[in-house]
Every structure is written in structure tokens, then in C-alpha cells.
Amino acid sequence: MTSDFPVLDPSWTAQEEMALLEAVMDCGFGNWQEVANQMRTKTKDDCENHYMKHFINNPLFASTLLSMKQAEEDKNVDTAIPFQASEDPPRPTFDSLLSRDMAGYMPARADFIEEFDNYAEWDLRDIDFVEDDSDVLHALKIAVVDIYHSRLKERQRRKRVIREHGLINLRKFQILERRYSKDVQELYETMRRFVRILGATNHDRFIESHALEFELRREIKRLQEYRKAGIKTFHSSKIYDRLKKSREEERMKRNMLSEVLQYIHDGSACQQWLKRQAAIDAGLHQVAPVISSSGRRSAPPLDLTGLPGTEKLNDKEKELCQVVRLVPGAYLEYKAALVNECNKQGSLRLAQARALIKIDVNKTRKIYDFLLQGGYITKPQP
């Protein structure tokens, strides 16, 4: 019996089909020049095109568990992920920092040193289809091949996502991301997980549209500020911005002057304040607080958010608790104790208040003065 009859292609005989499969097995997939040299009857392009058409993208050999629609989509999937000349990523040396950033991508081969699910082929290395296989064993082997085929599709899908979104050159991708404002960068980070669903073009359009929306919101807010100030012309808005900037500078100067007056009598604290201002002007973020020679440093106001009893305080009492750094519950207890003692005695002295509440004397003095000014307690008449 001869093997010179066609099987899959009129120009290819059955003998040549078997020779092609043996050559691919011997030389490896992708080494088409070596395959052609071993066959001798076909060129490199003939071997590659025939193998890709009839053994890779042929729906007859697709998974029996997949629909014909998925098999039709597989026809349009290339085996390699090419890059255009304008998108050619850098070519770093092997095992360099940039090479690790690119996940071991090899631009000359359009492939990775280590594939996704790199050991997927191990499940097929001992499988051999023979005529003596039972129906159950044959179906089991077919199922294993189907699973391997689905893993190859997932590997190819990940390569396609990397290609479409330009994720190989990660540094360039990060530079492009930093050109957006902080609000857009936060949105970019949130929407990153939906990139594979939207696609590259739709994702970029989504981000650009929201960047435009944020910009319009900022401009609308500026316009509302102008209208609230009674400004209706562009010339007046420029004058308003210039005056607003000068007011901000004057306010900063006043704050700076108050700090200078606070530390002017303490030489060491004054020197520390000057160093801190120099660090702020230099753009340093971590700035040490100013410490006076007495060993104390100015603490920030107490945050009353979520503390029990805050809702029972008025605005002035909240401000007192923040400055004195006293929790609302303790303040209410001290207030009730001082008011009750004042009602019993008819008046209340500072010494009596200090004897009632055993806390820092300076805090007691501030609470006493605050209650006295608010009319909660009275001072003995001289």
C-alpha cells in the first residue's frame, strides 16, 4: 500500500504529512528551517503554513469539549506575539534588573524565558494513543489533551493582554500613568482589574473621559467661586487670583510671625524653628517638631472624631477640648464637679478647683477660666 495520496491538502501526500510531524517532533516547534532541511521536499514557509493551518488552527482537531465558535476564534490566534517597530521594547542583558522587570521577556523571539503554567506539558509526556486502549482509557486521554489545550489557550490569552496593553515595557507604562492627576491615578489603580474585560482601547477612552470630567469639575468649581465673589469677566478673575495668592502669602507670614514670637525667648527652640523652616523650603516632608529648652514640644490638637460625649459639647467646648487635649467624657465630669461645688459654696476659687480635679495645673487653669467666662461658675468677690 502506497502513501502518495493526499490527506489534508491536495499538494501534500500522506507520506509528507508523517514526515512533517516527525520533523517537528525531532527539531522542535518553531524551528522551521531545520524541519524543511529534514523533509527536503518542502520549503520553510510551506512547512510553517501547512502545520499552522492544519494542525494548530484546524477546527477538526479542536477540543471536543469546546464549541465550534471557540474553535473559529482559535483560527485567528497567532502562535507568537509580534511587536511593531514603534513598540519594540528594550533588550536588556540576561538576568539584569530591567530583564526581571520585563518578566524575562525575549524581544528577539517575542516570547518569555518561562511561560505561564510552564509545566503544563508534563501531563502529556507519558500519553500514547494505541489501538488496544479501551473506550474509557481513550476518553480519559482525550480529556487530558482537552485540558492541556485549554491551558495553552489561557497562556495565549495572557500574552495577548500583555501585547495589547503594552505591559512589557513596565517603566514606560508607569511614566505614562504618572502624567495624570492624583484623582485620575486613583481611578486608574481601581480600574486596573477590569482592563482585561474592557480591552486596551476602551480602557484608555474610559480613563481619558474621566480625566476630562475631573478637569471640568475643577473648572466649574473655580467658576462658582468667581460667581460667588461677584466676578463675571476674565480680566477680573485674573485680578482675583492675584489678590487671593497675595492674601495666602500674608496669612502664611502672619503664622510664621506668631511662631517666631512663640520661640523668640528660647535660643535653642528658635534655632530648631529656623532649621525646620529651611527644611520645609527645601521640600523635605519629614520635619522634626520644635522642642523648647524646657523639654516640651507643641502637640497637635486632639481629634474628637468618634469620641463618646462629643455630641454633647458646643463649638467652644470642642475647641477647648482640642487645645487642652482632653477627651469629652472627662471634660463633662470635671465641668459637672466644678459647677456642683460652685452651687454649694456660692463661688469657686482656682485653688478649690485644683483640689477637686487632680490633673495638670495648666489644664485646670484653662478649664476654670473657660467656665468662668462662660458664666457656669462665679468667682468670690474681693
Side-chain angles (χ1 to χ4, degrees), residues 221 225 228-229 244 246-281 284-382:
K221 189 174 181 180
E225 182 182 356
K228 187 177 181 180
K244 180 180 178 181
S246 63
R247 286 196 300 269
E248 291 293 333
E249 293 176 352
E250 290 294 332
R251 183 179 62 82
M252 293 179 61
K253 290 180 181 179
R254 288 196 299 269
N255 294 338
M256 186 180 301
L257 180 61
S258 63
E259 290 188 4
V260 171
L261 295 176
Q262 181 180 357
Y263 301 112
I264 195 67
H265 300 292
D266 192 336
S268 61
C270 185
Q271 290 294 330
Q272 293 182 31
W273 182 87
L274 292 175
K275 292 181 180 179
R276 189 185 68 167
Q277 292 300 320
I280 294 175
D281 295 338
L284 300 178
H285 300 286
Q286 300 294 334
V287 181
V290 177
I291 304 175
S292 62
S293 58
S294 60
R296 297 181 180 179
R297 61 181 180 181
S298 56
L302 179 64
D303 186 9
L304 302 181
T305 305
L307 295 180
T310 306
E311 68 280 357
K312 299 180 181 180
L313 305 180
N314 55 36
D315 294 338
K316 292 184 178 180
E317 289 177 327
K318 291 179 181 178
E319 184 178 356
L320 173 67
C321 290
Q322 289 176 343
V323 174
V324 181
R325 297 187 61 81
L326 193 65
V327 295
Y331 165 76
L332 292 174
E333 293 180 2
Y334 299 153
K335 176 184 176 182
L338 295 179
V339 171
N340 291 335
E341 185 67 20
C342 181
N343 293 334
K344 292 179 182 180
Q345 303 292 336
S347 61
L348 187 67
R349 297 179 181 274
L350 177 59
Q352 295 173 326
R354 289 174 176 173
L356 286 174
I357 53 178
K358 303 295 184 179
I359 59 175
D360 182 69
V361 292
N362 295 322
K363 291 184 179 182
T364 306
R365 178 58 183 263
K366 291 181 180 180
I367 296 174
Y368 179 82
D369 292 342
F370 175 79
L371 297 178
L372 192 64
Q373 294 176 1
Y376 297 99
I377 59 176
T378 57
K379 189 177 181 180
Q381 297 297 328

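The figures here come from the full heavy-atom set of this structure, side chains too, leaving out hydrogens, waters and symmetry mates. Just so it is clear, the structure is predicted and the values come from calculations on it, not from any experiment.
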- Heavy-atom check, side chain of L332 versus side chain of L313, under 4.5 Å: yes

- Message: Quick check: closest heavy atoms across L338 and I377, and the distance to 0.1 Å?
- Response: O-CG2, 4.0 Å

- Item | Distance in Å, Y331 OH paired with L371 CG, rounded so as to fall on 0.5 Å steps | 5.0 Å

- Working to the nearest 0.5 Å, report the span between SG of C342 and CG of L356. 11.0 Å

- Message: Using a 6.0 Å cut-off, check whether atom CG of N314 has over 12 heavy atoms from anything other than its own residue.
- Response: yes

Show which side-chain atoms of residues 344-354 pair as donor or acceptor with protein atoms under 3.5 Å away, not counting sequence neighbours.
residue : atom : partner : partner atom : Å
Q345    : NE2  : E341    : OE2          : 3.3
Q352    : OE1  : R349    : N            : 3.0

- Decide yes or no for Y368 and K363: does some side-chain heavy atom of the first lie under 4.5 Å from some side-chain heavy atom of the second? no

- Quick one: pull up CD1 in I367 and CG in L372 and give me the separation to the nearest 0.5 Å. 13.5 Å

- E311/K318 under salt bridge (charged side-chain N to carboxylate O under 4.0 Å, His left out): CA gap, chis, key distance, verdict: CA-CA 9 Å; E311 68 280 357; K318 291 179 181 178; over 6 Å; no

- For E248, all residues meeting salt bridge (charged side-chain N to carboxylate O under 4.0 Å, His left out), sequence neighbours excluded: R251

- Query: Among E319, K316, R365, whose side-chain contact (heavy atoms from CB on, under 4.5 Å) with F370 holds?
  - Reply: K316

- cation_pi(K335, Y376) dist<6.0 Å, angle<=45: yes

- Looking at E317 and K312, what are the two nearest heavy atoms and their distance? OE1-O, 4.2 Å

- Rounded to the nearest 0.5 Å, how far does OG1 of T310 lie from CD of Q322? 9.0 Å

- Taking C-beta and beyond as the side chain, do V324 and D360 meet within less than 4.5 Å on heavy atoms? no

